[in-house]
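Reviewing the structure listed below.
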Protein chains: 2
Amino acid sequence: MSRVPPTVPPAAASLPVTVDVVALTVRDDALQVLLVERAVEPFRGALALPGGFVLPGEGLVDAATRELAEETGVTPPGHLEQLRTYGPLDRDPRGPVLSVAYLLAAPHFGVVEAGSDAAAAAWRPVAEVLPRKSADGGVGSGQGAARAVLAFDHARILADGVERTRSKLEYSALGTAFCADEFTVTDLRRVYEAVWGVRLDPRNFSRKATGTPGLLEETGRTTAGGTGRPAALYRAARPVVRPAGALGDGGGPVPALIDPPLLRPAARPPE
Amino acid sequence: MSRVPPTVPPAAASLPVTVDVVALTVRDDALQVLLVERAVEPFRGALALPGGFVLPGEGLVDAATRELAEETGVTPPGHLEQLRTYGPLDRDPRGPVLSVAYLLAAPHFGVVEAGSDAAAAAWRPVAEVLPRKSADGGVGSGQGAARAVLAFDHARILADGVERTRSKLEYSALGTAFCADEFTVTDLRRVYEAVWGVRLDPRNFSRKATGTPGLLEETGRTTAGGTGRPAALYRAARPVVRPAGALGDGGGPVPALIDPPLLRPAARPPE
DNA sequence: TCAAAAGTGTTGAATGTACACCCATGG
DNA sequence: CCATGGGTGTACATTCAACACTTTTGA
């Protein structure tokens with residue numbers, strides 16, 4: 001085989017590719033995920049992660065943000081990173097489809113509209129959507145809320161996204177991505193508590209957070225109006241920007257690694 | 001579910017998909033990567049990660065192991081996990097191509113043959129292939145060995161694989177995947193030293209490794225023939241098998257998490 | 001008996017955790 | 001002045017890092 005024409009390889013090797021977004025936020029002291037109700041046929045009416053097919057000439061991150069905008073009406077702030085890739089076999093009734101999943105950690109934003117392929121979009125507590133995988137055996141029936149079943153393999157993708165989020169809180173500044181532009185140490189602590197499902201000592205957490213280089217940036221301002229002593233307001237320390245090489249993805253800002261890590265306490269029941 | 005058109009979506013959304021494998025091992029106290037010399041045109045003659053196009057009806061892991069076998073002649077033991085996905089834009093001169101990269105951590109195995117699309121396959125020290133990204137500025141000229149340039153965006157994929165390996169050594173049993181079936185604590189320590197590029201205290205490492213649950217399994221046997229006191233032989237503790245859901249990939253054995261983590265010492269120059 | 005490698009004991013430093021205590025504000 | 005939440009000081013337990021020392025082999 002001497003010369004290879006500068007064309008793409010045999011079309012037989014091509015696969016339809018989708019992106020799916022695990023968009024997480026913390027609201028009402030609970031970790032919540034953005035889900036849509038599918039308006040089109042495979043799994044029509046079921047809950048699903050926002051996502052859709054990558055268009056020709058489009059990059060993966062572009063596709064992820066476009067689908068999010070189309071199905072929820074917003075282009076939110078927050079940190080977007082690739083989660084992993086699923087498929088192509090045995091995950092879509094239509095045939096082999098590859099799906100690249102993304103994780104979005106964002107402060108709470110309102111869902112503006114239901115878009116093209118989605119009948120409705122709304123935040124749902126992760127605990128209501130995912131069966132608890134405790135060794136307890138049972139599915140830990142929520143309080144009356146019908147267990148929603150997710151389309152495709154989205155339950156597993158969501159579980160992977162939640163697990164990634166939990167572990168990245170320990171050793172990166174990802175937690176600040178869930179907070180608004182300016183936030184207090186208590187805001188950040190509530191993020192940790194909601195994601196890990198534990199209670200943290202406010203005094204030790206404060207020392208740890210303010211003493212960790214690369215995590216917080218002082219604004220000099222404080223809260224006002226609330227009860228109790230005003231709290232100092234911080235911004236997220238400037239994200240580390242990874243030098244983008246010749247790549248079709250990533251290369252964007254990445255939450256800084258924090259050292260020493262904020263270790264998650266030994267798993268103890270939330271009550 | 002009423003009726004589902006069992007057709008795949010518009011063909012325009014399809015992309016050629018490749019898998020690339022970052023196969024790492026530790027030999028001669030150095031982290032080494034398996035590279036092939038490309039025999040076909042895009043980047044013909046250049047070094048590249050083994051890999052190739054996913055075939056119709058094939059899963060990603062199947063494609064990765066097949067390409068490895070075709071280009072190196074072996075189906076090695078070791079731990080295979082997905083790294084991340086690259087593309088599809090601006091990474092292949094032939095046009096948009098999506099690449100799903102896999103990481104293989106394996107004990108040293110001989111390269112049997114040069115296969116179909118590869119003119120040669122051989123282990124190369126990572127330090128000779130990747131420019132050191134130290135803040136020193138310079139490219140840290142190796143000792144005379146010409147800096148090999150990798151095809152496509154494989155330098156970045158390799159860098160990501162090496163970084164993943166370095167960090168997973170801290171909190172998982174991945175290090176044992178680089179060792180043979182039975183190995184000593186010193187063997188395992190040399191893996192850590194090679195991957196991290198540091199020296200570790202043999203006495204403290206021994207205590208830490210043998211005292212970490214889920215890492216080592218005693219065989220009751222010891223080495224013989226060498227100089228000095230014989231060392232106890234261990235096997236890797238049984239890998240944790242993740243319950244495979246309805247997914248086209250993964251679900252295989254995963255190295256156990258180890259706790260407390262074996263922390264990498266603060267970066268100090270290897271000398 | 002010596003060299004070499006494996007493995008154990010011990011000690012001071014650093015870190016994490018629990019909690020007493022002080023600070024600043026609104027009512 | 002009291003309730004409420006923010007923030008600091010401090011003491012105990014645990015862990016880590018360095019290294020003296022013992023054990024077990026081959027030469």
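A note on names: the letters A, B, ... follow the listed sequences, proteins ahead of strands, and every chain is numbered from 1. None of these values were measured; they are calculated from a predicted model.
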Answer yes or no: is there an ion pair linking Asp160(A) with Arg164(A), defined by an N-O contact shorter than 4.0 Å? no
May I have the step-by-step check of ring-ring contact (aromatic ring centres under 6.0 Å, His included) for Phe205(B) and Tyr192(B), ending in yes or no? CA-CA 10 Å; Phe205(B) 184 88; Tyr192(B) 275 78; 5.3 Å; yes
Under 4.0 Å from OP1 or OP2 of dG6(D): is there any side-chain N or O of Thr186(A) that close? yes
Got a salt bridge between Lys168(B) and Glu81(B), using NZ or NE/NH1/NH2 to carboxylate O under 4.0 Å? yes
Interatomic distance, Phe178(B) atom CZ to Leu24(B) atom CG [nearest 0.5 angstrom]: 5.5 Å
Upstream residue (5' side of DNA chain D) when Ala231(A) and Asn204(A) are each assigned their closest nucleotide: Ala231(A)
Using side-chain hydrogen bond (donor to acceptor under 3.5 Å, both in side chains) as the criterion, list what pairs up with Arg190(A), not counting sequence neighbours. none
Find the distance Phe205(B):CZ to dT8(C):P and express it as a whole number of Å. 15 Å
To the side chain of Arg203(B), which of dG7(D), dC16(D), dT8(C) is closest? dT8(C)
Please indicate whether Glu218(A) has more than 12 foreign heavy atoms, meaning atoms of other residues, nucleotides or ligands, lying under 6.0 Å from its CD. no
hbond_proxy Arg207(B) side chain to dG9(C) base (donor-acceptor, 3.5 Å cutoff): yes
Take atom CG of Asp201(B) and atom P of dA5(C), then tell me their distance rounded to the nearest Å. 15 Å
Rounding to an integer number of Å, can you tell me how far Leu188(A) CG sits from dG7(D) C1'? 16 Å
Please tabulate the protein-to-nucleotide N/O contacts below 3.5 Å involving nucleotides 23-26 of chain C, giving atom names and distances.
{"residue": "dC23(C)", "atom": "O2", "partner": "Arg229(A)", "partner atom": "NH1", "Å": "3.3"}

Return the value, rounded to whole Å, for the distance between atom CD of Glu170(A) and atom P of dG16(C). 12 Å
Value in whole Å for how far the P atom of dG6(D) lies from CG of Leu200(A): 14 Å
Kindly write out the residues that satisfy side-chain hydrogen bond (donor to acceptor under 3.5 Å, both in side chains) with Arg229(B), not counting sequence neighbours, or none if the list is empty. none
To the nearest Å, give me how far apart CZ (Arg189(A)) and C1' (dG6(D)) are. 10 Å
Could you state the NZ-P distance from Lys208(B) to dG7(C), rounded to the nearest angstrom? 18 Å
Just the rounded figure in Å: distance from P of dA18(C) to CZ of Arg199(A). 14 Å
